[in-house]
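The structure appears right after this line, and notes come after that.
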Amino acid sequence: MTTDTTAGSWKRTHSCGELRPEDAGQIVTLNGWVAKRRDHGNLFFVDLRDRYGITQITIDPENDGFQSEMLDLAGSLGAEDVLSVRGKVVLRTADLINPNRATGAIEIFPEHLEILSRSATPPFIVEDDSDTSDEIKLKYRHLDLRRRPILEGLELRSRFTHALRDSLIQQDFTEVETPILTKATPEGARDYLVPSRVHHGKFYALPQSPQVFKQILMVGGLDKYFQVARCFRDEDLRADRQPEFTQLDMEMSFVDEEDVFSVLERIVSHAFQKTLGYEIPTPFRRIPYEEAMNRYGSDKPDLRFGMELQDVGALAAESGFKVFTGALDQGGCVKALCVSKGASLSRKQIDGHTEFVKEYGAKGLAWLKVGEEGLTGPVAKFFPEAAGEQLTNLVGAQAGDLLLFGADTQAIVHRSLGELRNRLAQDFDLVDSKEFRLCWITEFPLFDWSEERQRWEPSHHPFTAPADWDADFEKEPGKQKSRAYDLVMNGWELGSGSIRIHRQDV
RNA sequence: GGGGACGUAGCUCAAUUUGGUUAGAGUACCGGACUGUCGAUCCGGUGGUUGUGGGUUCGAGUCCCAUCGUCCUCGCCA
């Protein structure tokens, strides 16, 4: 091997993902990590990987540019060694093309090989489809980052935030950074605290959101502000929740919901278009909170499929089935899910769903199967002939469908059937994972009852404007509607906001 | 904070109805063979205080207690 002492001789001319048949004949230099080595004795294949892809380096004594030292070097290569290769791009013959790889029609015949850095044996194999535990992958994050799924996640996020910024700047917003070390303000979650060196015994709080500062910006007259802001909440984790997260925070003065919606619809559809090439039709559908609860049992409905909750209270009242009539007498409700082709479920599977809804406070799950000959199942006797027909007509059921009933307080029926609806959609494969359905949930309740503190509390934040400025808030606080709204996609809450109070008396 | 599950080779997992000799496999790693592989193949080998500490027992990876760690779940999350 010639030792080329020219400074930067190993500097790359191409990435490991870009060479194509048209490049054949060129002398190129590639830098990358050894993803795989295949050793056939006097013939070696090395898969060289970087962020952009993988290119095969072929070391064969019969190739142009081959030097005998290359065999030793190739034989000594281990996974994740950092390598520089200069060589010729060569077209592969048809039978050797790897169709699974973008660079699969070419390979490199090296004339110069240099190991830039040796790697210790990696603690896990760097491969896209890895079954290594998250714990180990996080411990060696630098290796995990070399995997496509992780890299693609970071790249998607980068392109997405870029598109958000792009759209906001175009719409005359100003990006402002606000302080991280601040005074604690009463918000919903626990604050993270940082001890102060200057003021002994005192602490800074990390912001749960840039709440206070954007108020100052608005009062200061900066009427359109945004920030890609870090937020900190000292609460326990969930699968979709981290104590430290980033949100797009924005604020506008002198606006109403229509302005907010149209700005955000523009931003979001722009970002989806730019990053995924996905067109989201605007305006987004708007669903008042109450309607969302009634129809989907959730304030973050997944709109990719139907199977809505249907109120069968009127028929249930006549059924004589105590579970139903009892719930109605207590002021609750009876609702049904019509599961298309659900009659194929076994008793055991239905029992599984029963256990599932019990987690959400339901006492059980009544069910009926719709057959050609009418209804079957333990509850069928309460819906004889005409009543049964009325029921199937009401919910639009067809032969082969399954009806699942929730009967309890409204809150429990909605919660349990809402969760069950999502679970059934998974089981019956009703969701297209490539689809994105966005909507606004509007008219949230202004106050929630806090069992813990035995009082009504703002369900959003204390500055949320009421739907009706002049309402009597002391009377029936639970029925007051607010001008708070959520942006929901595929069953996930993407964001929330509200029109703020400007009247001092309110 | 409550409840549950798990912890065995570098990694992913086995090890029979509370227990029975030297704790296995795949992969990685090391050595050997091999000229067209792309999960290369074939042969051989190294590798373990079974998370840690205590207990029960003639005998513990297995049972009990404690502890540490990880995950799930409920609470919490304007």
Side-chain angles (χ1 to χ4, degrees), chain A residues 35-49 54-63 66 71 74-80 90 92-107 109 119-140 143-144 184-192 207-212 231-245 247 356 358-361 415 419 444-448 450-453 456-464 482 484 486 493 496-498 500:
Chain A
K36 198 83 192 176
R37 190 195 63 175
R38 289 177 291 279
D39 177 354
H40 290 243
N42 275 335
L43 170 68
F44 287 89
F45 300 100
V46 176
D47 285 344
L48 198 65
R49 176 192 61 229
I54 289 178
T55 299
Q56 175 167 287
I57 314 299
T58 304
I59 295 150
D60 183 336
E62 292 176 9
N63 288 350
F66 173 81
L71 287 181
S76 78
L77 285 175
E80 305 307 317
V90 178
R92 298 193 200 179
T93 57
D95 54 321
L96 298 179
I97 288 174
N98 181 349
N100 303 318
R101 219 169 254 176
T103 61
I106 56 100
E107 57 193 337
F109 289 178
S119 169
T121 301
F124 64 92
I125 304 165
V126 177
E127 56 191 348
D128 294 347
D129 195 10
S130 171
D131 56 2
T132 304
S133 70
D134 290 344
E135 193 185 354
I136 300 291
K137 285 190 289 197
L138 286 170
K139 184 170 173 187
Y140 302 96
L143 296 178
D144 198 22
T185 53
E187 293 189 63
R190 267 188 297 272
D191 288 315
Y192 275 104
Q208 297 178 24
S209 63
Q211 207 54 255
V212 181
C231 303
F232 305 88
R233 293 177 190 177
D234 189 7
E235 297 292 345
D236 289 342
L237 291 121
R238 278 299 146 75
D240 60 337
R241 192 203 301 163
Q242 286 181 286
E244 176 188 350
F245 61 94
Q247 71 176 27
F356 178 75
K358 280 182 180 170
E359 290 171 36
Y360 299 97
R415 179 96 200 274
E419 296 289 346
F444 272 78
L446 193 54
F447 304 104
D448 283 333
S450 166
E451 280 296 334
E452 196 180 326
R453 286 180 278 265
W456 292 95
E457 297 192 333
S459 46
H460 191 61
H461 62 57
F463 317 110
T464 307
S482 75
D486 277 2
E493 180 196 327
S496 69
S498 64
R500 282 171 184 257

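Residue numbering restarts at 1 for every chain, and letters A, B, ... go by the order of the sequence lines.
- In this entry the distance linking CG of Leu143(A) with P of C11(B) reads 13 Å, nearest Å.
- At a threshold of 4.0 angstrom between heavy atoms, the contacts of Gln211(A) include nucleobase atoms, whether or not backbone atoms are also involved.
- Going from the C1' atom of G51(B) to that of C71(B) covers 15 Å, rounded to whole Å.
- One P atom belongs to G26(B), the other to G45(B), and the distance between them is 12 Å to the nearest Å.
- When rounded to the nearest whole Å, the span between CD1 of Ile136(A) and P of G7(B) equals 15 Å.
- Taking the side chain to side chain donor-acceptor pair (under 3.5 Å) definition, one finds that Arg92(A) meets it with nothing, sequence neighbours left out.
- Using a 4.0 Å heavy-atom criterion, one finds that Asp236(A) contacts the bases of the nucleic acid, with or without backbone contacts as well.
- Under the 3.5 Å distance criterion, the side-chain polar atoms of Ser130(A) are matched with a main-chain donor or acceptor of Thr132(A).
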Criterion side chain to side chain contact (heavy atoms under 4.5 Å, CB included) on Glu235(A) and Arg190(A), from CA distance to verdict: CA-CA 7 Å; Glu235(A) 297 292 345; Arg190(A) 267 188 297 272; 3.3 Å; yes
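- Phosphate proximity of U37(B) to Arg38(A): absent, as no side-chain N or O sits under 4.0 Å from OP1 or OP2.
- In this structure a side-chain-to-backbone donor-acceptor pair under 3.5 Å is present from Arg233(A) to Gln208(A).
- For Glu107(A), whose side chain is taken as the heavy atoms from C-beta onward, the closest listed nucleotide among G1(B), G36(B), A40(B) is G36(B).
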Secondary structure string for RNA chain B (Watson-Crick or G-U under 3.5 angstrom, | for other-strand pairs): (((((((..((((......[...)))).(((((.......))))).....(((((..]....))))))))))))....
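- The separation between Arg101(A) atom CZ and A40(B) atom C1' is 13 Å, rounded to whole Å.
- Look at OH on Tyr140(A): it is 8 Å from C1' on G10(B), rounded to the nearest Å.
- For U37(B), the base is stacked against the aromatic ring of Phe45(A), per a cut-off of 5.5 Å between centres and 30° between planes.
- Between the side chain of Arg415(A) and the backbone N or O of Tyr360(A), no donor-acceptor pair lies under 3.5 Å.
- Taking the P atom of each, G10(B) and U46(B) are spaced 15 Å apart, rounded to whole Å.
- OP1 and OP2 of U37(B) both lie 4.0 Å or more from every side-chain N or O belonging to Thr58(A).
- Comparing atom distances between the Ala189(A) side chain and each of U12(B), C11(B), C77(B) picks out C77(B) as nearest.
- Atom name P, nucleotides G61(B) and A9(B): the rounded distance is 14 Å, in whole Å.
- Residue-level contact check: Ser209(A) touches the bases, meaning some heavy atom is under 4.0 Å from a base atom.
- Side-chain N or O atoms of Arg37(A) include one that pairs as donor or acceptor with a backbone N or O of Gly75(A) at under 3.5 Å.
- The existence of a salt bridge linking Asp47(A) and Arg38(A) is confirmed by a sub-4.0 Å separation between a basic side-chain nitrogen and an acidic carboxylate oxygen.
- A distance of about 38 Å separates the P atoms of G3(B) and G48(B), rounded to the whole Å.
- Comparing the C1' positions of G1(B) and G53(B) gives an interatomic distance of 26 Å, to the nearest angstrom.
- Rounded to whole Å, atom C1' of G69(B) lies 12 Å from atom NZ of Lys139(A).
- Separating the P atom of G24(B) from that of G32(B) is a span of 27 Å, rounded to the nearest Å.
- Mapping Phe124(A) and Tyr360(A) onto RNA chain B by nearest heavy atom places Phe124(A) closer to the 5' end of the strand.
- If you check distances only, the side chain of Asp95(A) never reaches the base of G36(B) with a donor-acceptor pair under 3.5 Å.
- Contact of Arg233(A) with C76(B) (side chain to base): no donor-acceptor pair of N or O atoms is detected under 3.5 Å.
- Using a 4.5 Å cut-off on side-chain heavy atoms (C-beta onward), Val90(A) and Thr58(A) make no contact.
- Straight-line distance between the P atoms of C29(B) and C65(B): roughly 42 Å, to the nearest whole Å.
- The CG atom of Asp134(A) sits 10 Å away from the P atom of U12(B) (whole-angstrom rounding).
- With respect to the salt-bridge test (charged N to carboxylate O, under 4.0 angstrom), the residues Glu80(A) and Arg49(A) qualify.
- Arg92(A) comes within contact range of at least one nucleobase, with a heavy-atom separation under 4.0 Å.
- In this structure, Thr103(A) contributes its side chain and Ile54(A) its backbone to a donor-acceptor pair below 3.5 Å.
- Following rounding to the nearest Å, Asn100(A) (CG) and G39(B) (C1') show an atom-to-atom distance of 12 Å.
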Residues Cys231(A), Glu244(A); criterion side chain to side chain contact (heavy atoms under 4.5 Å, CB included); working and verdict: CA-CA 6 Å; Cys231(A) 303; Glu244(A) 176 188 350; over 6 Å; no
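- Rounded to whole Å, the distance from CD on Gln208(A) to P on C76(B) is 16 Å.
- Backbone-only contact: Glu135(A) has heavy atoms under 4.0 Å from sugar-phosphate atoms and none from a base.
- Here the side chains of Phe45(A) and Ile57(A) are not in contact, with every heavy-atom distance at 4.5 Å or above.
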Nucleotide-resolved protein contact map, nucleotides 25-35 of chain B, B/S/- at heavy-atom distance under 4.0 Å: --SSS----BB
